[in-house]
2 protein chains.
Amino acid sequence: MAYRRSLLMEERLANNRDRILTATRKLVAEGGFREAQIAAVAAVAGISTGMIYRYFPSKAELFVEVLGAAVGAEIEILTAIADGPEPAGMRLSAAVTCFVRRALHGPNLAYAFIIEPVDPEVETARIRYRKEFGDVFKAILIDGVEKGELPAQDVDASAACIVGAFTEALVGPIGPTTRNTRDKERLVESVRTFCLRAVGGVTEGEDGHEKLSQTIRTTRKRQTTK
Amino acid sequence: MAYRRSLLMEERLANNRDRILTATRKLVAEGGFREAQIAAVAAVAGISTGMIYRYFPSKAELFVEVLGAAVGAEIEILTAIADGPEPAGMRLSAAVTCFVRRALHGPNLAYAFIIEPVDPEVETARIRYRKEFGDVFKAILIDGVEKGELPAQDVDASAACIVGAFTEALVGPIGPTTRNTRDKERLVESVRTFCLRAVGGVTEGEDGHEKLSQTIRTTRKRQTTK
DNA sequence: TAGAAAAGTGAACACAAATTCAAAAATTGA
DNA sequence: TCAATTTTTGAATTTGTGTTCACTTTTCTA
């Protein structure tokens, strides 16, 4: 026996994996999945193309992992909001606002996640993730309807509609258009109003709004610094 | 001089073009753009691959034309509804209902039109067409707001949200799932309610509904038999 | 330090599908 | 029928990437 993986090596391996993921995320954020070819990822990560296949069985699985990580982060934030003690309408407002705002301000991972054409394997994952988003909203809706805060409705359809609504509203704005903060906030507010009305929540009377905003900020910070 | 395109030939050429389009539409309806490779299209159309390039400069342009024709038909139907004399809320209801119902019952061209991954050139066209759909709804909204039938709102955002909402609601159901008519109608109604509430239209008090349904049916028939 | 095993390389390969084009078949007018 | 011209064919070419693998380099133990 003349070789056994040392602790140092173990670390370097993990490091490599990380660099691949980071490189992919960076490329996707800059130019979508389209720009994240294996050769490019390898170049950015500073390794050879062959290396990538030591860590990921295929490009599709690499993409799925990147997508999953990013979606997971968003889901965590949204879930924190959804699980709060506020009335359903308010939580819904906060969740929509939070998602749209983050998508608008963040790097344009959003475009890739929302609509960019990809191969079917990744697409399947994307649809699954979209459903996950829907489930967060669905939970809020179920709760709201149970407590009589929202009118009875088809929560599955409503949840899907909500995800679709803010998704579509983002597609245009996200692309090359660089809008200023004022425009962005206007869009956020428009989408929020739309969604809230849609499920029969009130749009007026925003008491307690500040408290929830606080929750959002805290959650977001926790997420970013992790 | 020994050859000049005769009338008969002229006809055959046009016929060829038609067969290519029809073949493409058929393949897309059955298996999405993915299944509509040039070779497959040629096979279905009963011609050689080379022929296709005599009529279309590239696969992408062929796709765009097929997409455009299908979208155009839908737009025409929706526009007829949008231009009606009914109150804005009712027209919106009818338009959403009509679109969702047609997508659910028709061949699954809808899948291809809504979410299937395609190359960027076609994607650009799709986004444009989505915007066209949005514009129809926007027109209804503007009118409704002007006449005081709907509350003031960001009509651009609302229109985008509406398109996104019913689109997303369709994505799941459209695929391989074969639902019965009852389920389909339930979904149609759910989406309709969602969208109508979202823009601040009333959901109750559907007087005159039947009259508008009539309009829808007539328009649809005209479209199909054309 | 040797030499066994693993990590790492990147040019070569594979592959699928769009596109081309030289040659064949068909059409037309004289 | 013939020759000019166009239409049609489909095998070969092109293209762009993902993936592999024979080889090099590095890491680790005895």
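For clarity, every value in this text was computed on a predicted model and none was experimentally measured. Here is how names work: the chains are called A, B, and so on, in the same order as the sequence lines, proteins then strands, and each is numbered from 1.
Distance, A:N15 CG to C:dA7 C1': 14 Å, rounded to whole Å. One interatomic measurement links the two molecules: CZ of A:R54 to P of D:dC21, which rounds to 14 Å at whole-angstrom precision. Residue A:Y53 contributes atom OH, which lies 19 Å from atom P of C:dA7 at whole-angstrom precision. At whole-Å resolution of the value, CD1 in B:I52 and C1' in D:dA11 are 16 Å apart. Atom-to-atom, CZ of A:F56 to P of D:dT20 comes out at 15 Å; the value is rounded to the nearest Å. Per the geometry, CZ belonging to A:R34 stands 12 Å off P belonging to D:dG16, to the nearest Å. For the pair A:F33 CZ and D:dG18 C1', the computed distance is 16 Å after rounding to whole Å. Straight-line distance from the NZ atom of B:K59 to the C1' atom of C:dT20: 17 Å, rounded to whole Å.
Pairs engaging residues 118-139 of chain B under the ring-ring contact (aromatic ring centres under 6.0 Å, His included) rule: B:F99-B:F133, B:F137-B:F166 [sequence neighbours left out]. Note on residues 43-52 of chain A: no pairs pass side chain to side chain donor-acceptor pair (under 3.5 Å), not counting sequence neighbours. For residues 53-73 of chain A, every residue pair satisfying the side chain to side chain donor-acceptor pair (under 3.5 Å) rule, not counting sequence neighbours, is listed here: A:N16-A:Y55, A:R17-A:E65.
Side-chain nitrogen and oxygen atoms of B:Y55 include none within less than 4.0 Å of the OP1 or OP2 phosphate oxygen of D:dT7. At C:dG8, one or more side-chain N or O atoms of A:N16 fall inside 4.0 Å of OP1 or OP2 (strictly under the cut-off).
Taken residue by residue, residues 35-48 of chain A places heavy atoms nearer than 4.0 Å to DNA chain D at A:Q37, A:I38.
Every residue was checked against the salt bridge (charged side-chain N to carboxylate O under 4.0 Å, His left out) condition with B:D18, not counting sequence neighbours, and none meets it.
Comparing C:dA17, D:dT20, C:dT9 by their closest approach to the side chain of A:M51 singles out C:dT9.
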Return a table of donor-acceptor pairs under 3.5 angstrom between the side chains of residues 39-46 of chain B and protein atoms on other chains or two or more places apart.
none

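B:R12 comes within 4.0 angstrom of sugar-phosphate atoms only, judged by non-hydrogen atoms across all strands, and of no base.
For the residue pair B:S93 / B:R192, a side-chain donor-acceptor distance below 3.5 Å is found, with atom types taken as modelled.
A salt bridge links A:R91 with A:D143; the closest basic N to acidic carboxylate O contact falls under 4.0 Å.
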